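Predicted model, so just to flag it, every value in this text is computed and none were measured.
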Amino acid sequence: MPGADGSSTKVLRLIVTTVVALDDAQLAAAVPPASAVAIHPTVVAGLPVAGGWPSAGLLLGPLAAGRAVIFDLDVTEPRTGGGMLVFTVTGRAGGLPVREGVGITLGHPGPAGVLRGDVLEYPAEQGGQAP
């Protein structure tokens, strides 16, 4: 649904399924500028959670192998530009650290192309990280 500033909000279902048992599992999100993530009301590790994504992430606690934790999220894309929304799960399995992540593109990251004749041109990379 479009916002007053031209942004749009979509529902994203994030399912975290463990392959091995995890101790002290946590879920973090890196949200791009001009975007927002809000959690639909749910219960995580026995505690109710809802509203804006917490900057410290979410403590999932111990998770048994094969356990799925499901989050329905409202994701607001920026009116212009964009970036990567990255979710990372960390924890310990058998005393060893575990880290797994996934990212999705929000909006239209990077500079806009310019149509010249039949060719869409993009400016060269100006600093930052090259692919």
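Pairs passing the ring pair (Phe, Tyr, Trp, His ring centres under 6.0 Å) check and including a residue from residues 14-42, sequence neighbours excluded, do not occur. Screening residues 11-36 for salt bridge (Lys or Arg N to Asp or Glu O under 4.0 Å) gives Arg13-Asp72 as the qualifying pairs, with residues at least two apart or on separate chains. Identified under the ring pair (Phe, Tyr, Trp, His ring centres under 6.0 Å) test for residues 9-34, with sequence neighbours left out: none.
Hydrophobic clustering (ILVMFWY, side-chain heavy atoms < 4.5 Å, transitive): Leu73 and Leu59 are in distinct clusters. Each of Ile70 and Leu22 belongs to its own hydrophobic cluster when Ile, Leu, Val, Met, Phe, Trp and Tyr are linked at side-chain heavy-atom distances under 4.5 angstrom. In the hydrophobic clustering of this structure, Val86 does not group with Val69; members are Ile, Leu, Val, Met, Phe, Trp, Tyr whose side-chain heavy atoms approach within less than 4.5 Å, directly or through other members. Residues Ile104 and Val16 are members of one and the same hydrophobic cluster, defined by side-chain heavy-atom contacts under 4.5 angstrom among Ile, Leu, Val, Met, Phe, Trp and Tyr. Residues Val89 and Val102 share a hydrophobic cluster, clusters being chains of Ile/Leu/Val/Met/Phe/Trp/Tyr side chains in contact below 4.5 Å.
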Checklist line | Worked verdict on Val37 versus Asp74 for side chain to side chain contact (heavy atoms under 4.5 Å, CB included) | finding: CA-CA 6 Å; Val37 175; Asp74 286 329; over 6 Å; no
Next item on the list: Please step through side chain to side chain contact (heavy atoms under 4.5 Å, CB included) for the pair Phe71 and Leu58, ending with a clear verdict.
Entry: CA-CA 11 Å; Phe71 298 94; Leu58 292 171; 3.7 Å; yes
Notebook entry, point to check: Yes or no on side chain to side chain contact (heavy atoms under 4.5 Å, CB included) for Arg116 and Val114, after CA distance, side-chain angles and deciding distance?
Noted result: CA-CA 6 Å; Arg116 297 185 201 274; Val114 176; 3.9 Å; yes
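Considering only residues two or more places apart in sequence or on other chains, Phe87 meets the ring-ring contact (aromatic ring centres under 6.0 Å, His included) condition with Trp53. In terms of the side chain to side chain contact (heavy atoms under 4.5 Å, CB included) criterion, residue partners of Ser35 (sequence neighbours excluded) are, by chain and number, Val31, Pro32, Pro78, Leu106.
In this structure, the side chains of Arg99 and Thr88 come closer than 4.5 Å at one or more pairs of heavy atoms. A heavy-atom distance below 4.5 Å is not found between the side chains of Val49 and Pro54.
The two residues Gly113 and Leu120 make their nearest non-hydrogen contact at C-CD1, 3.8 Å. Scanning all heavy atoms of the two residues, the minimum distance from Thr17 to Gly66 falls at CG2-O, 4.0 Å. Residues Thr18 and Ala64 approach most closely at OG1-O, 2.6 Å, considering heavy atoms.
For the atom pair Leu14 CG and Leu27 CG, the distance stands at 6.0 Å (nearest 0.5 Å). The line from OG1 of Thr90 to CD of Glu100 is 11.5 Å long, rounded to the nearest 0.5 Å.
Cluster note: Val43 groups with no other residue, as no ILVMFWY side-chain heavy atom lies under 4.5 Å from it.
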